[in-house]
Amino acid sequence: MRNSTVCGAGSLRLGPVRTYRELFRAPEFTPFFLASSVQAAAQTMSSLALGTLIYSATGSPLLSALAIFGPSLTQVIGANTVLSASDRLPPRAVLSGLSLVFAAGTAVLAIPGVAVWASFAIVACLGLGASLAGAVRYGLLNEVVAGAGYLLGRSVLNMSVGAMQICGFAVGGVLVTTLSPRGTLLIGAGLYAAGAAAARFGLTRRPARAAGRPSVRDTWRINERLWSSAARRYVYLALWVPNGLIVGCESLFVAYALRHAGLLFVSAAAGMLAGDTLAGRFIPDRWRERLGAPLRFVLAAPYLIFAVRPALPVAVAAAAVASAGYCASLLLQERLMALTPQELSGQALGLASSGMLAMQGAGAAAAGVVAQHSSPSEAMATMAAVSLAVTLILAPGLRRAVRDQDTGSAGRTDRQYETQ
């Protein structure tokens, strides 16, 4: 690995990072990884506990699904209001401070007697903060590792999320059963506080990446520029819509099999972990473009079997196989970075992340509505069929995006936008 060189005040940049060993040798990546992992575990346990609590109180699959994935809906608001702050505030202070806010909000959700509407109001506020936290986190990752190592670093973070979801859903399921949903929420709040400590004491203090005060106007201006390229639009849509619809399937696990929802969540997380490991480390560059579309089909097709309400072992296997297809998002993010100027990469990634989470919330809401008028199993199959249809519709545009990447037409669009 090359020696570190200084790149701007308070920022270290390394030579290319191509292996896991080099990645974890990079200064700050280990505490960055730990802080992100602890927060993923806290979010997983807390969402399962809250979803169970809401379902027990209301008996509504829709409200249960929204309790688990609904905070993602507020990512739409965050993507259009606060993303410019991701480059204009010190990253360590933002990450540690927001983790403390998440800890406090989760602790309030555990208080007996909190009304359902109040719980959803708190969850919506936490989701707004999460949109900013995600943009700051992925922008900081681009500083902690060299640009060429971003895909490997992001795949490791995704694998960490998968592992933490396995542990979080498994442990959370046990705690919800043996302790209580409210006790599990308090444990989740403690994990958020631990994540705040890891960020505060493990990361280097850095100045903001850009000068100026955050504003809604700047957020809109940069988002408009990112959206001005047709190639990037297709990549964004492919990142957001098919995934969000399949998350709608997952949001019905509690309603589909209340006593075994934790097992279904664990199997889905295990599949995602396997897929991200495959994409991040083992798929050669020459195969990435060819495998993108098949992986997006793998993401949705297994859920079609839920139309016949399969036995639990078959349902568990289907959830695992489908979730391996989430690794297609890594390949799309790599393409997005190739289509985006370096100076826009932070907000481009924040917009991608916020859009994905927002569509996950929308998918959960849509799946809950369909389940209310049919059944959870029929709703899951319906969402999978729609996801497959969207993947087919977007395929021609994504092929054009590859040609634009090769010819540099997205860069010309950016230059034309700047001159307007």
Side-chain angles (χ1 to χ4, degrees), residues 37 40-56 59-70 158-185 187-188 191 243 245-277 298-327 360 363-364 367-368 371 375-381 383-384:
S37 299
Q43 191 276 332
T44 301
M45 292 177 57
S46 301
S47 65
L48 178 60
L50 183 62
T52 304
L53 198 64
I54 295 296
Y55 188 74
S56 298
S60 169
L62 173 59
L63 293 179
S64 175
L66 288 176
I68 297 175
F69 295 102
N158 284 3
M159 286 157 34
S160 167
V161 170
M164 290 302 101
Q165 286 182 346
I166 292 172
C167 296
F169 282 127
V171 175
V174 171
L175 289 175
V176 165
T177 302
T178 60
L179 184 59
S180 70
R182 288 189 172 87
T184 306
L185 284 169
I187 293 174
L191 288 174
N243 286 19
L245 293 168
I246 297 306
V247 168
C249 297
E250 296 175 359
S251 72
L252 295 174
F253 283 168
V254 172
Y256 178 80
L258 179 60
R259 295 184 59 186
H260 302 290
L263 181 59
L264 287 168
F265 279 120
V266 166
S267 65
M272 186 177 71
L273 174 61
D276 284 337
T277 303
V298 169
L299 176 65
Y303 279 105
L304 295 175
I305 199 171
F306 280 82
V308 297
R309 193 170 178 83
L312 182 63
V314 177
V316 167
V321 172
S323 294
Y326 279 122
C327 70
Q360 288 173 11
S375 70
S377 59
E378 292 174 353
M380 293 163 81
M383 300 299 286

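Below, all heavy atoms of this structure are taken into account, side chains as well, without hydrogens, waters or symmetry copies. Note that the structure is predicted; figures quoted are calculated from it, not measured. The first residue of the sequence shown is numbered 1, and numbering continues consecutively from there.
Taking every heavy atom of both residues into account, Phe169 and Gly262 meet most closely at CB-O, 4.2 Å. Here the closest heavy-atom approach between residue Leu53 and residue Pro181 is recorded as CD1-CB, 3.7 Å. The two residues Ala367 and Ala379 have their closest heavy-atom pair at O-CB, 3.7 Å. Residues Leu191 and Ala42 come closest through the heavy atom pair CB-CB, 3.6 Å. Considering every non-hydrogen atom in both Ala170 and Val266, the closest pair reads N-CG2, 3.7 Å. Annotation for Ala371 and Leu252: closest pair CB-CD2, 3.9 Å, computed over non-hydrogen atoms.
Phe265 and Phe253 have perpendicular rings, their planes meeting at more than 60° on a 0 to 90° scale where under 30° would count as parallel.
Of the possible donor and acceptor atoms, none in the side chain of Ser46 sits under 3.5 Å from a partner among the backbone N and O of Gln43. Ser64 places no side-chain N or O within donor-acceptor distance of the main-chain N or O of Tyr55, the cut-off being under 3.5 Å.
To the nearest 0.5 angstrom, Ser375 atom OG is 7.5 Å from Arg309 atom CZ. A distance of 7.0 Å separates CD in Gln360 from CG in Asn243, rounded to the nearest 0.5 Å. Separation of atoms CD1 (Ile187) and CE (Met45) is listed at 5.0 Å; rounding is to 0.5 Å. A distance of 7.5 Å separates OG1 in Thr184 from CG in Leu48, rounded to the nearest 0.5 Å. Rounded to the nearest 0.5 angstrom, Leu299 CG and Met272 CE are separated by 11.5 Å. To the nearest 0.5 Å, the span separating OH on Tyr326 from CG on Asp276 amounts to 11.0 Å.
For Leu63, the side-chain contact (heavy atoms from CB on, under 4.5 Å) criterion is met by Ile54, Thr58, Ser60, Phe120, not counting sequence neighbours. When the side-chain contact (heavy atoms from CB on, under 4.5 Å) test is applied to Ala257, the partners found at least two apart in sequence or on another chain are His260, Leu264.
Looking only at side-chain heavy atoms (C-beta outward), Cys249 and Ile246 come within less than 4.5 Å of each other.
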